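The model shown is predicted, which means the values in this text are computed figures rather than measured ones.
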Amino acid sequence: MGHLVELRNRFVIAAIAIVLGAVGGWFLYDPVLDILQEPIRTINDTSGRVAQINFAGVASAFDMKIKLSLFIGLFISCPVWLYQVWAYIVPGLTSKEKRYSFGFLGAAVPLFLAGSAMAFFALPNAVKALTSFTPEGATNIIPAQDYLTFVMIIIVVFGIAFVLPVLMVGLNMLGILSATRIRKSWRIIVMIVFIFAAIATPTPDAMSMFFLVIPMITLFCLAWVVCILNDRRRKRKLVAQGIWVDPDELDEDSGKGTA
């Protein structure tokens, strides 16, 4: 019962934080929507085609404002509700696991926000590329709900993509994935990144894909360097304790396992 009471309390705190963030999102609705509509205005100004957001139905505009306010509220309040999730789980972890989980959150949250911010640079290219298939003389009347869903998918996908290298470091910290194994599999990783970017960016143009590929490759390289440093630290510790080290986790210049 104690665990359920704590779960309820932390859920209530997280819900209050999200609601307060949504209230802030309500007041930020107009400037945020203005930013999101910029790609649509660019189409009108540069391509000579008519494109506009359409609110179909009496309550459509109000529904749009509620959804966008909640979406903004989730971003604004993410430090609070993520901490509540972490604080509920952490009592069951060892001291080592607590340090790892704290480091994971400390790196994952800024990277997710950075990926979400990067999505705004890819959004204009995505909208331009998809609307370019409109036949000559036709008009792009885009339902507001569909456009919001499209924007949310791009933002979330970019955010998750920036967090994936942190998962790689986490697997290395747990001893599941070594830096040597990562180096040997770099071709597979690059191929997976390109496939993920091609699927995640719902646009046929290469520019939007590279907006996601280049940061992901850079972050994976940085994560690989962190894994190298961690493997070397782990190797020195095991050697000092007289424990055999797996040869796959040694540097190439070591040549063999150490007892």
Side-chain angles (χ1 to χ4, degrees), residues 4 6-45 49-88 105 108-131 134 139-163 199-203 208 211-212:
L4 294 178
E6 183 184 3
L7 178 62
R8 181 199 62 189
N9 293 339
R10 297 199 178 280
F11 178 80
V12 169
I13 293 173
I16 292 174
I18 293 174
V19 170
L20 293 177
V23 171
W26 180 275
F27 293 101
L28 294 173
Y29 172 79
D30 289 331
V32 171
L33 185 62
D34 185 66
I35 294 173
L36 296 181
Q37 291 188 91
E38 183 61 31
I40 305 297
R41 288 193 293 268
T42 302
I43 294 173
N44 289 320
D45 296 337
R49 288 182 286 109
V50 177
Q52 59 184 10
I53 300 296
N54 180 42
F55 291 92
V58 177
S60 179
F62 178 75
D63 188 41
M64 174 81 164
K65 191 167 186 176
I66 292 292
K67 289 183 178 180
L68 186 55
S69 299
L70 285 173
F71 189 62
I72 297 171
L74 283 172
F75 272 87
I76 294 176
S77 61
C78 69
V80 178
W81 55 263
L82 282 175
Y83 171 77
Q84 297 302 319
V85 173
W86 180 79
Y88 179 74
L105 281 178
V109 173
L111 285 175
F112 182 84
L113 296 177
S116 301
M118 180 64 70
F120 284 96
F121 292 97
L123 182 61
N125 288 322
V127 174
K128 181 179 179 181
L130 291 175
T131 56
T134 304
T139 302
N140 289 110
I141 305 298
I142 306 171
Q145 302 291 346
D146 293 346
Y147 184 70
L148 178 61
T149 301
F150 173 76
V151 171
M152 290 170 60
I153 289 175
I154 287 185
I155 292 175
V156 172
V157 165
F158 269 69
I160 293 175
F162 274 50
V163 176
I199 297 174
T201 52
T203 61
S208 297
F211 268 118
L212 185 58

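- Residues that satisfy the side-chain contact (heavy atoms from CB on, under 4.5 Å) test with Y83, not counting sequence neighbours, are W86, A87.
- Scanning for side-chain contact (heavy atoms from CB on, under 4.5 Å) contacts around L28 gives V32, I72, I76, with sequence neighbours left out.
- For D146, there are no salt bridge (charged side-chain N to carboxylate O under 4.0 Å, His left out) partners two or more places apart in sequence or in a different chain.
- Taking the side chain to side chain donor-acceptor pair (under 3.5 Å) definition, one finds that N9 meets it with nothing, sequence neighbours left out.
- Here CD1 of I35 is found 11.0 Å from CD of Q37. Values are rounded to the nearest 0.5 Å.
- In this view, Q145 and D63, K67 satisfy the side chain to side chain donor-acceptor pair (under 3.5 Å) rule, not counting sequence neighbours.
- In this structure, the side-chain contact (heavy atoms from CB on, under 4.5 Å) partners of A22, at least two apart in sequence or on a different chain, are L70.
- Rounding to the nearest 0.5 Å places CG of L36 at 11.0 Å from CE of M152.
- Partners of L20 by side-chain contact (heavy atoms from CB on, under 4.5 Å), not counting sequence neighbours, listed by chain and number: I16.
- Closest approach of V109 to C78, counting heavy atoms only: CG1-SG, 4.3 Å.
- With values rounded to the nearest 0.5 angstrom, L74 atom CG is found 6.5 Å from W81 atom CH2.
- Open room surrounds CZ on F11; 12 or fewer heavy atoms of other groups in view lie less than 6.0 Å from it.
- The side chain to side chain donor-acceptor pair (under 3.5 Å) pairs that include a residue from residues 19-34 are D34-R41, where partners are two or more places apart or lie in different chains.
- Between F158 and the options I154, I155, I160, a side chain to side chain contact (heavy atoms under 4.5 Å, CB included) holds for only I154.
- Between Y147 and I40, some side-chain heavy-atom pair lies under the 4.5 Å cut-off.
- Closest of all the heavy-atom pairs between S77 and A17 is CB-O, 3.3 Å.
- Every residue two or more places apart in sequence or in another chain that forms a ring pair (Phe, Tyr, Trp, His ring centres under 6.0 Å) with F112 is listed here: F75.
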